[in-house]
Amino acid sequence: MCYNDDAEAKANSVDLRLGPSGEYRQRDKAVEDDKLLNMSQIVQQLRRLRILPAKNRTDTRKGIYQSGSGEVLLDTDKNEITVVSPQLEMCVVKTDHPMPMGAATLKSAGIPVGLAVVSLDENSPLAKAGRILLVVTTDALNSGQTFTSDKRLEQVDKGRLPVLLRCGKFEFTLNNPMSSPKLYALNMAGDRIESIPVAAKDGQLHFTIDTTKLKEPAVFFELTGE
C-alpha cells in the first residue's frame with residue numbers, strides 16, 4: 001500500500017495498492033479494474049500520484065531504487081545499498097571504493113562488507129552522539145561448509161564449528177566533534193577486547209579497523225568519547 005503524504009490527502013487513505021505480481025489498484029477503483037504493470041510503469045504511477053518526490057533518484061533503467069523517504073538507496077547493478085537516517089547509517093559494498101553515507105563514510109574496504117553505524121545516545125544523531133556502535137559484517141561460513149556452486153544456492157555439507165569469519169581492512173571517517181575518542185573491539189558478550197587508534201581533526205574522526213590483526217574475531221566495535 002502506498003500513501004501520498006500531501007497535507008490535503010485524506011487521513012489514512014490509500015492512494016495505490018501494489019500486488020506482488022505488479023497488479024495495482026488506485027483509490028476507489030473496483031477489483032476488476034486491477035491492471036498489471038512492470039517496474040518502470042509502477043514508478044511512473046508513483047511519481048504521477050506524488051507518492052515518490054520529484055527529487056527521488058529511482059531510475060529503473062540504471063537499476064537504482066530509492067525509498068519514498070530518501071533514506072534507502074539500492075543499486076542493483078552494483079549490488080550495493082545505503083541506508084541513511086539521523087541515528088543509523090548502513091551500507092553494503094562489494095568492491096573497494098569510497099561509500100559516503102551521511103555523517104559516516106566508508107573510505108576503503110579490502111573485501112566485501114556490510115557496515116552499520118548506530119548512535120547509542122537515545123536523542124542524538126550520529127554527528128553529535130557521544131557513544132556509537134559499529135557493526136562490521138563480512139562473509140561467514142561453518143568450517144567445512146560446501147555448496148554445489150559459488151552462488152551457494154544448494155548446500156552439500158552444512159559443516160561444523162567453529163564459524164570462519166572472513167577478515168579484512170576497512171578505513172572510516174565520521175563527522176563528529178567527539179572529544180578524546182576511543183575505539184574498542186568487542187566480543188560477542190559486549191566486553192572490550194582491545195583498543196584501536198582514532199585520529200580526530202577539525203570535527204572529523206578517522207580510523208582503520210583491520211580484523212586480521214585483532215586478538216580474536218570481532219564484528220562489533222564501540223566508539224566513545226572519554
Side-chain angles (χ1 to χ4, degrees), residues 57 66-75 78-141 162-226:
R57 295 174 58 185
Q66 187 176 38
S67 65
S69 67
E71 294 175 324
V72 182
L73 182 65
L74 172 67
D75 188 326
K78 296 180 179 179
N79 292 320
E80 295 180 348
I81 187 170
T82 58
V83 179
V84 179
S85 66
Q87 292 183 288
L88 167 69
E89 297 180 9
M90 302 172 60
C91 71
V92 173
V93 298
K94 295 296 186 71
T95 59
D96 186 8
H97 66 90
M99 176 62 82
M101 289 168 276
T105 297
L106 177 62
K107 301 288 288 185
S108 65
I111 59 174
V113 63
L115 167 70
V117 188
V118 188
S119 170
L120 296 180
D121 292 344
E122 184 176 356
N123 297 313
S124 297
L126 282 171
K128 296 182 179 180
R131 187 163 174 256
I132 293 171
L133 177 70
L134 289 91
V135 186
V136 181
T137 55
T138 58
D139 195 14
L141 292 172
V163 174
L164 303 177
L165 180 67
R166 190 176 182 187
C167 296
K169 185 177 182 180
F170 313 99
E171 182 182 359
F172 305 92
T173 60
L174 176 65
N175 294 328
N176 185 302
M178 187 182 296
S179 60
S180 302
K182 303 289 184 182
L183 178 63
Y184 300 96
L186 308 177
N187 62 20
M188 291 299 178
D191 301 319
R192 295 172 178 175
I193 305 171
E194 60 184 288
S195 62
I196 298 171
V198 181
K201 183 179 180 181
D202 299 329
Q204 186 177 78
L205 308 180
H206 184 280
F207 50 93
T208 298
I209 295 175
D210 188 345
T211 57
T212 66
K213 297 181 178 180
L214 297 178
K215 296 177 181 178
E216 60 181 86
V219 296
F220 300 109
F221 301 84
E222 178 189 5
L223 179 62
T224 182
E226 295 181 347

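Nothing fancy with the numbering, it's 1 onward along the sequence. Computation of the quantities below employed the complete heavy-atom set of this structure, encompassing side-chain atoms and omitting hydrogens, waters and symmetry-equivalent molecules.
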Checklist entry - Are the side chain of Glu89 and the backbone of Ala103 linked by a donor-acceptor contact shorter than 3.5 Å? => result yes
Next on the checklist: Quick check: do Leu205 and Leu183 have side-chain heavy atoms less than 4.5 Å from each other?
Outcome noted: no
Next on the checklist: Strictly distance-based, threshold 3.5 Å: is any side-chain N or O of Glu171 a donor or acceptor partner for the main-chain N or O of Lys107?
Outcome noted: no
Checklist entry - Do Val136 and Leu115 touch side chain to side chain, with heavy atoms closer than 4.5 Å? => result yes
Item to check | Check: Leu214 and Ile193 side chains under 4.5 Å, non-hydrogen atoms | outcome: no
Checklist entry - Do the non-hydrogen side-chain atoms of Val93 and Phe170 ever get within less than 4.5 Å of each other? => result no
Checklist entry - Does a side-chain heavy-atom distance below 4.5 Å link Leu223 with Asn176? => result no
Checklist entry - Counting only heavy atoms not in Glu216, do more than 12 fall under 6.0 Å of its CD? => result yes
Next on the checklist: For a 4.5 angstrom cut-off between non-hydrogen side-chain atoms, does Val92 reach Glu80?
Outcome noted: no
Next on the checklist: Please check if the number of heavy atoms outside Arg57 that lie under 6.0 Å from its CZ is greater than 12.
Outcome noted: no
Checklist entry - What residues, two or more places apart in sequence or in another chain, satisfy ring pair (Phe, Tyr, Trp, His ring centres under 6.0 Å) together with Phe172? => result Phe207
Checklist entry - What heavy-atom pair brings Glu71 and Ser85 nearest, and what distance separates the two atoms? => result OE2-CB, 3.7 Å
Checklist entry - Are side-chain heavy atoms of Thr211 and Leu165 found at a separation under 4.5 Å? => result no
Checklist entry - Given side chains that start at C-beta, do those of Leu186 and Leu133 come closer than 4.5 Å, heavy atoms only? => result yes
Checklist entry - Between the main-chain N or O of Ala109 and the side-chain N or O of Asp96, is there a donor-acceptor pair closer than 3.5 Å? => result yes
